[in-house]
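Below you'll find the structure, written out as structure tokens, and then a few comments.
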There are 4 protein chains.
Amino acid sequence: MTKHPPKPSKARVSRQQILDAAAKCIALKGYDATTMREIAGTAKFLPGSIYYHFSSKSELFLAVNKEATKQIIDRVLLNLQGKTDPWERIKKACTAYLECLSEGNYYALVALTEFPRRRSTEMAKSLVQQREELEGIFRELVDDLPLERSINRKYWRLSLLGTLAWAMIWYKNEGDDVEHIATTFVDLLAHKTSS
Amino acid sequence: MTKHPPKPSKARVSRQQILDAAAKCIALKGYDATTMREIAGTAKFLPGSIYYHFSSKSELFLAVNKEATKQIIDRVLLNLQGKTDPWERIKKACTAYLECLSEGNYYALVALTEFPRRRSTEMAKSLVQQREELEGIFRELVDDLPLERSINRKYWRLSLLGTLAWAMIWYKNEGDDVEHIATTFVDLLAHKTSS
Amino acid sequence: MTKHPPKPSKARVSRQQILDAAAKCIALKGYDATTMREIAGTAKFLPGSIYYHFSSKSELFLAVNKEATKQIIDRVLLNLQGKTDPWERIKKACTAYLECLSEGNYYALVALTEFPRRRSTEMAKSLVQQREELEGIFRELVDDLPLERSINRKYWRLSLLGTLAWAMIWYKNEGDDVEHIATTFVDLLAHKTSS
Amino acid sequence: MTKHPPKPSKARVSRQQILDAAAKCIALKGYDATTMREIAGTAKFLPGSIYYHFSSKSELFLAVNKEATKQIIDRVLLNLQGKTDPWERIKKACTAYLECLSEGNYYALVALTEFPRRRSTEMAKSLVQQREELEGIFRELVDDLPLERSINRKYWRLSLLGTLAWAMIWYKNEGDDVEHIATTFVDLLAHKTSS
DNA sequence: TATGAATGAGCCTTCATTCAT
DNA sequence: CATGAATGAAGGCTCATTCAT
């Protein structure tokens with residue numbers, strides 16, 4: 001007997017539309033500069049309608065952020081499936097991360113550009129919490145690497161994460177594919193010459 | 001004949017106060033969430049008074065950003081004085097960069113957290129332009145490094161800049177001094193073991 | 001042949017629930033500050049459902065007010081049953097009036113606190129009309145009193161009604177019972193010393 | 001040397017205009033149904049301008065209420081000047097009270113129609129506090145009356161206040177002058193025949 | 001009958017900006 | 001130079017109401 005997928009009620013569909021619209025707007029203009037009217041317009045709703053699905057702008061934002069980290073994590077886990085070599089695993093994870101930054105996926109951009117520091121204490125806490133699982137995965141991946149004993153794994157990891165995050169600043173969808181870039185970055189830190 | 005320091009007219013003093021206040025506010029809450037009233041309040045002016053010194057919010061922001069990059073650049077150049085060894089030079093530059101991120105200097109934080117992408121085309125152009133000189137310095141420093149031929153200097157530089165920028169996310173003014181951190185990061189990419 | 005009580009159809013029950021909820025909300029916060037959502041919530045309905053029973057907020061309000069005056073009138077008439085002495089009759093009427101103001105009966109509170117003056121002409125007319133029967137009863141009761149010829153019965157009545165209405169401002173359900181209070185008030189105006 | 005009255009700065013004038021407009025709107029439609037836009041329009045300001053003088057709708061309302069009680073109190077005290085006979089004094093006070101209810105004075109109407117019970121705890125406290133001074137004056141006036149020992153002064157006072165407050169419901173600016181009405185009311189309770 | 005979902009007007013408030021003084 | 005006062009557009013959010021199911 002097969003398990004039925006949850007019936008996509010009208011509400012669920014609308015929620016998704018709004019979420020997508022919010023992700024796009026926030027990714028492009030930032031949370032503060034994004035208006036509920038814009039989000040509504042992008043989702044083809046009227047302004048008031050959003051509030052049937054989300055009780056406030058901040059709640060909507062938190063939902064977008066949650067979805068964003070979920071998408072990155074899912075992509076990373078997908079890329080890791082069946083891989084066992086530690087170096088290959090971390091390269092695959094980085095590839096996933098960069099794939100998420102490819103144009104068109106606004107969620108990931110939100111997760112990387114909205115700094116918790118700027119939000120209210122309460123929101124900040126939620127944001128940090130949501131991001132923690134992702135960071136945890138990278139921590140494990142780095143811990144599994146056969147690095148020379150003298151190397152500080154914490155800084156190694158921070159360097160890699162910074163390198164990846166910075167890609168959102170300079171990466172344009174032209175030429176170099178993300179897998180190559182990811183490999184190159186890991187190799188730079190791995191003290192190997194990239195292939 | 002001695003060189004007179006620029007006479008600190010009342011206007012210049014006020015300008016500086018406003019600039020400082022704006023830097024602080026924008027660093028802490030972001031450009032969009034910062035109001036002219038807040039800036040005025042922080043600088044102990046009334047909102048209208050700002051407009052004697054800056055014609056608009058965006059102009060004020062641009063001025064802050066200019067000052068921000070200037071401060072980083074000055075600090076980097078200061079640290080480079082008298083240094084000739086390429087590895088020492090890049091480490092010193094990184095140290096300067098991280099020093100600027102230390103708590104208390106709001107300017108640097110502005111330069112790193114306000115993404116041009118989010119601004120109008122015109123503002124974005126100005127922002128990118130203002131940051132270019134700083135990037136140029138790092139480009140030269142990297143170009144001067146005796147890296148193995150197989151290494152892609154562009155990605156090497158991007159990795160380093162990302163690593164440094166990411167520090168604003170995790171760096172807290174506790175324990176480890178910035179010089180040590182900077183050295184560690186360069187060594188990680190330099191294929192050396194940090195001391 | 002027995003008289004069947006009106007069959008409590010589901011609709012009638014719902015109607016009553018909504019009416020009660022509306023009375024409570026309006027009594028506590030006033031018509032303008034009461035939302036259909038609150039009423040629905042209090043009645044354990046969804047907002048849209050109210051509109052099956054009442055075509056608009058104002059219609060619902062009018063229905064509440066009608067019920068409110070009906071309840072006061074019924075109570076007054078009940079208290080008057082079998083009484084023939086004019087002074088006793090008016091005291092009993094006042095007692096009924098004050099009883100209705102006792103905590104728990106939100107209807108009466110609505111009738112006393114929602115001033116027609118504030119409503120649209122049309123609504124105001126309805127409200128005044130609904131209240132007229134009650135006022136008429138008091139007019140008759142006062143007319144039946146053996147007052148000295150020099151006394152202006154209109155002002156006497158207005159004074160009594162004002163006195164009673166004002167009770168909603170200061171009356172707390174503590175100590176003195178309403179019958180005693182009612183008697184006292186009538187005696188004050190009757191030029192007698194209350195017992 | 002005469003004392004200069006405080007120079008009516010522009011701000012003070014504006015404040016008064018807004019206050020007057022608010023009093024009128026709130027008197028006619030009630031606090032909840034009155035919008036800041038209406039108040040602004042009535043005062044010939046733009047909506048945003050109000051907030052230069054009052055930080056919120058509720059603060060504005062509290063200011064109106066304060067002014068309202070002040071006006072009634074001032075009028076009462078004025079009418080009491082030079083009067084020493086207790087009966088004459090209370091009649092004069094009632095006259096003042098009714099004068100304030102005359103059409104055109106919207107402040108007094110606000111004070112009588114906006115029940116603290118319906119406001120937030122904080123606002124309610126302010127409202128009650130503001131009204132207390134007025135009530136205190138009437139308490140003293142009643143205490144000074146040579147009433148028969150058997151009469152409960154508290155209920156006597158409450159009856160008079162209710163009688164006066166109720167006037168706002170039925171009083172129309174036609175015919176009978178307020179002094180006559182006030183006298184009549186006091187006489188009704190005073191066990192005298194009105195002149 | 002009742003509900004889930006959407007509507008669009010309207011509310012309180014804030015904002016960057018202006019300008020006479 | 002700086003301010004007090006005003007502006008008017010826009011922002012987040014709520015509301016009475018509707019209607020297909």
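A, B, ... follow the sequence lines: proteins, then strands. Residue 1 opens every chain.
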Report task. Check the distance between E:dA5's P and A:I18's CD1 and give it to me in whole angstrom. Result -> 11 Å
Query - Nearest-Å distance for atom pair CG/P, residues A:L46 and F:dC13 - result: 17 Å
Requested in this report: Write out all pairs satisfying ring-ring contact (aromatic ring centres under 6.0 Å, His included) with one or both partners inside residues 29-69 of chain C, taking only residues at least two apart or from two chains.
Outcome: C:Y31-C:F61
**Report entry** Carboxylate-amine/guanidinium proximity below 4.0 Å for C:E114 and D:R118
**Finding:** yes
Requested in this report: May I have the distance from B:I39 (atom CD1) to F:dA2 (atom P), rounded to whole angstrom?
Outcome: 16 Å
Report task. Output the distance between atom OG1 (B:T34) and atom CD1 (B:I26), rounded to the nearest 0.5 Å. Result -> 5.5 Å
Requested in this report: May I have the distance from D:K10 (atom NZ) to F:dA5 (atom P), rounded to whole angstrom?
Outcome: 8 Å
**Report entry** Watson-Crick and G-U pairing of DNA chain F written in dot-bracket, each distance under 3.5 angstrom, with | for inter-strand partners
**Finding:** .||||||||||||||||||||
Query - Donor-acceptor contact present, side-chain C:Y107 to main-chain C:K66, <3.5 Å - result: no
Report task. Would you indicate whether B:K57, at its atom NZ, is surrounded by more than 12 heavy atoms from other residues, nucleotides or ligands within a distance under 6.0 Å? Result -> yes
Query raised in the report: Hey, what do you get for CD1 (C:I39) to CD1 (C:I50), rounding to the nearest 0.5 Å?
Result: 5.5 Å
Query raised in the report: How long is the line joining CD1 of C:I50 and C1' of F:dT18, in whole Å?
Result: 14 Å
Using the 3.5 Å cut-off, write out each protein N or O paired with an N or O of nucleotides 14-17 of chain F and the distance between them.
residue, atom, partner, partner atom, Å
F:dA16, OP1, C:T34, O, 3.3
F:dA16, OP1, C:K57, NZ, 3.2
F:dA16, OP2, C:M36, N, 2.8
F:dA16, N7, C:R37, NH1, 3.3
F:dT17, OP2, C:Y51, OH, 2.9
F:dT17, OP2, C:K57, N, 2.8
F:dT17, O5', C:Y51, OH, 3.4

Report task. Find the distance A:L60:CG to F:dG12:P and express it as a whole number of Å. Result -> 11 Å
**Report entry** D:H53 NE2 - E:dT13 P separation (whole Å)
**Finding:** 16 Å
Query raised in the report: E:dA6 C1' sits how many Å from A:F54 CZ, rounded?
Result: 15 Å
Query raised in the report: Measuring from D:L62:CG to D:S56:OG, what's the distance to the nearest 0.5 Å?
Result: 8.5 Å
Query - Note, D:S58 side chain near D:E122 side chain (heavy atom, < 4.5 Å) - result: no
Requested in this report: For side chain to side chain contact (heavy atoms under 4.5 Å, CB included), just list the numbers for C:E67 and C:Q71, CA-CA rounded to whole Å, side-chain angles, deciding distance to a tenth of an Å, and then say yes or no.
Outcome: CA-CA 6 Å; C:E67 173 68 15; C:Q71 284 190 14; 3.0 Å; yes
Report task. Please determine if a side-chain N or O atom of B:S14 lies less than 4.0 Å away from the OP1 or OP2 oxygen of F:dC1. Result -> no
**Report entry** Side-chain N or O of D:Y52 closer than 4.0 Å to phosphate OP1/OP2 of F:dA5
**Finding:** yes
